[in-house]
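Letters A, B, ... mirror the listed sequences (proteins, then strands); counts begin at 1. Keep in mind that the numbers below use all heavy atoms, side chains included, and drop hydrogens, waters and symmetry copies.
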Number of protein chains: 2
Amino acid sequence: MEEFASLSGISRPTLSKYFHDPESVRHTTRDRIEKALEEHDYQPNIYAMNQNRRTTNHIGIVVPFLADPFFAEIARNLEQRCIAAGFSPILFSSHGAPDLEVNILDSLRSQKPAGVLMAPLGRASDKAHIERFSRDIPTVLFDSSIGGLGAAFVGMDNGQSMRMLVDYLCDTGTAPQFFEMETAVNPNVNRRRNAYLAAMEARGEPASIVKIEGDGWDFEEIGRRGGHAAFDAGQFKSGTILCSNDRLAIGLLSAAFQRGLRVGRGEGADIRVAGHDDHPFSKFTCPALTTVSQDYDRISGKSLDILLGLMDSDDRLSQRQEVLFDGILIKRESA
Amino acid sequence: MEEFASLSGISRPTLSKYFHDPESVRHTTRDRIEKALEEHDYQPNIYAMNQNRRTTNHIGIVVPFLADPFFAEIARNLEQRCIAAGFSPILFSSHGAPDLEVNILDSLRSQKPAGVLMAPLGRASDKAHIERFSRDIPTVLFDSSIGGLGAAFVGMDNGQSMRMLVDYLCDTGTAPQFFEMETAVNPNVNRRRNAYLAAMEARGEPASIVKIEGDGWDFEEIGRRGGHAAFDAGQFKSGTILCSNDRLAIGLLSAAFQRGLRVGRGEGADIRVAGHDDHPFSKFTCPALTTVSQDYDRISGKSLDILLGLMDSDDRLSQRQEVLFDGILIKRESA
DNA sequence: AACGGAAATTTACGCGCGTAAAAAATTTGT
DNA sequence: ACAAATTTTTTACGCGCGTAAATTTCCGTT
């Protein structure tokens, strides 16, 4: 930098200022710097730049499972928003492993990020660790809320969405049964089940829950196997199945197809299947999946907004914010 | 660190050595350090650690489109391998944008990574930029090879896989037509088309290519729209369709379903559809998709192996390595 | 117990940049 | 054109750690 300073005829402190914020120097000097920059292609050492700063301009993005297109899509959205806001996103996936999630937070802490956007694993998360982390670093949780953790949470209103689905399904046919994994990976599933039960009770319909075996993040496979098992056991009595999420529904659709069952709301259909999340692939299932859309755009937008607010203010934990968005019913052919 | 040194009764240079490689100090001192570490929870400043190192222990992973489950899966695999090898992976997605790909390389360069594993965008990539990058930093390209770029390439043998698919399809029914996008996003598609043509000629079958409109990475949607258009125009004369990749096939399956066509190789089926890549979702389409499996595990394993070799040796560009793996035919119900 | 080699300590300097303070130069307003 | 306000330069120090060289301490061996 010293060298580039003499080559460009600009003092080093001014260069330092420029690299930290190009707007902070006068237009004329900025032009001079940028012209010199083209000729000598110097770029500052980011490690030396950051070693004395309390925080960097990085924003950490942590998702539980990046191979899930749902999270991949949200991550993509968040990344681009961070860039637009002038920050550098760093993406991490916990790959469904709680110890990896802890490692990520530790590594993130030492990177001194300006803030972190995190979708926790859920049930398996080390809550105390996340709590400690979010005390030191501005952190917004999204997708899955764990018992009031963190400074803020942005997600969707599972109560609203399930009520809407139940109402829709009841109004257009038989009352739905709820299809879920035995061990809920995250709190959303529990909320959805409870919302289903409440919505059914409100309508005076008998609730019925079909629980299937399986653990891990291989939801489609679990849904297919569990679907077959439930078909075999004759558990789908009502003919309408409401799945706890789209990936499970995709597996169930596959099982139904393999059994020669016709899924849909039309004439001659055997069962109806609905999901939840508007997974990127739910548009392309056969038949296309009726579901509730999580508004990726609004969730990620709001998450970043809150985080930016958090980063500016000092009293981060004064009041925990919680924003829930309504889902939108996406009617397709499956129900 | 100075402070922690006096607290733990260990000299700072020894601590420095320990943090760089815990094995490099004597067992007894290592135990003392780790005991002190638990009490005082100190962790070194990564920026100060890295500023004087020529390279860090980071390995960059760059994929063209992370929302594509195919790349998400490979990225996941690579990340875990990097961790197992003692490196810290940093994941980037170009999101289909060439300028973003360039930005990522620039940012990566300033991070002084030990090496980079990169799946380029393909046609849209800034070749010269990638070339320059890979001259300075050990880089292994995978998935999509661009005209001999980089120090090494690991991918699959499109010639072998297409020949195998064509042979299988011809042997079990009518000869396939090739279904592809008008504008190929990456060289793999071109290779596959050419391999299709060659394989058909070798068998003495008449080749037929169905090109559909569309640009970008929204392959499923493009495949569906294009499928409908091709059905309308009566272009699918042979009744067997070989898609340039699985995502396109998923769209085509959706179109066929919407038209009430039965896809499969059984009695009473209208058309057969095959894909390529063994996309994570191809197992769950209706019917399940016949395709060629890219061996994720071997590709990522070999990529990292070569990269580690590259990192150790100095004469990186002496001979360009190129490793192609055979695909494995995955017979499912769609063809 | 003495010895030799390995490991740890002491001492000291450098890395590339942030940043503070005072002086100098430039721009702005009238 | 001149004073005031802003920006840049000069000077100097510090950050947290890497690392080299010389010295001392430790450990296992004979």
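- When distances run from any side-chain atom of B:P44 to the nucleotides D:dC17, C:dT9, C:dA20, the shortest one goes to D:dC17.
- Side-chain N/O atoms of A:T14 include none lying less than 4.0 angstrom from OP1 or OP2 on D:dT8.
- Taking the side chain of A:A48 as heavy atoms from C-beta on, and the options C:dG16, C:dA8, D:dT7, the nearest nucleotide is C:dG16.
- No hydrogens or angles were tested; on distance alone, nothing pairs the side chain of A:Q51 with the base of C:dC17 as donor and acceptor under 3.5 Å.
- In this structure, the ring of A:Y296 has its center no less than 6.0 angstrom from the ring center of A:F71.
- The distance from the CD1 atom of B:I59 to the CD1 atom of B:I83 is 10.5 Å, given to the nearest 0.5 Å.
- Taking 4.0 Å as the cut-off between side-chain N and carboxylate O, B:K127 and B:E131 do not count as a salt-bridged pair.
- OP1 or OP2 of D:dT8 has at least one side-chain nitrogen or oxygen of A:T29 nearer than 4.0 Å.
- Nucleic acid contact class of B:Y42 (heavy atoms, under 4.0 Å, all strands): sugar-phosphate only.
- Distances shown here put every side-chain N or O of B:S11 at or beyond 4.0 Å from the OP1 or OP2 atom of C:dA8.
- Mapping A:M49 and A:T28 onto DNA chain C by nearest heavy atom places A:M49 at the nucleotide closer to the 5' end.
- Between the side chain of B:R12 and the base of D:dG18 there is at least one donor-acceptor pair of N/O atoms closer than 3.5 Å.
- Nearest to the side-chain atoms of A:N45 among the listed nucleotides D:dG18, C:dC17, C:dT26 stands C:dC17.
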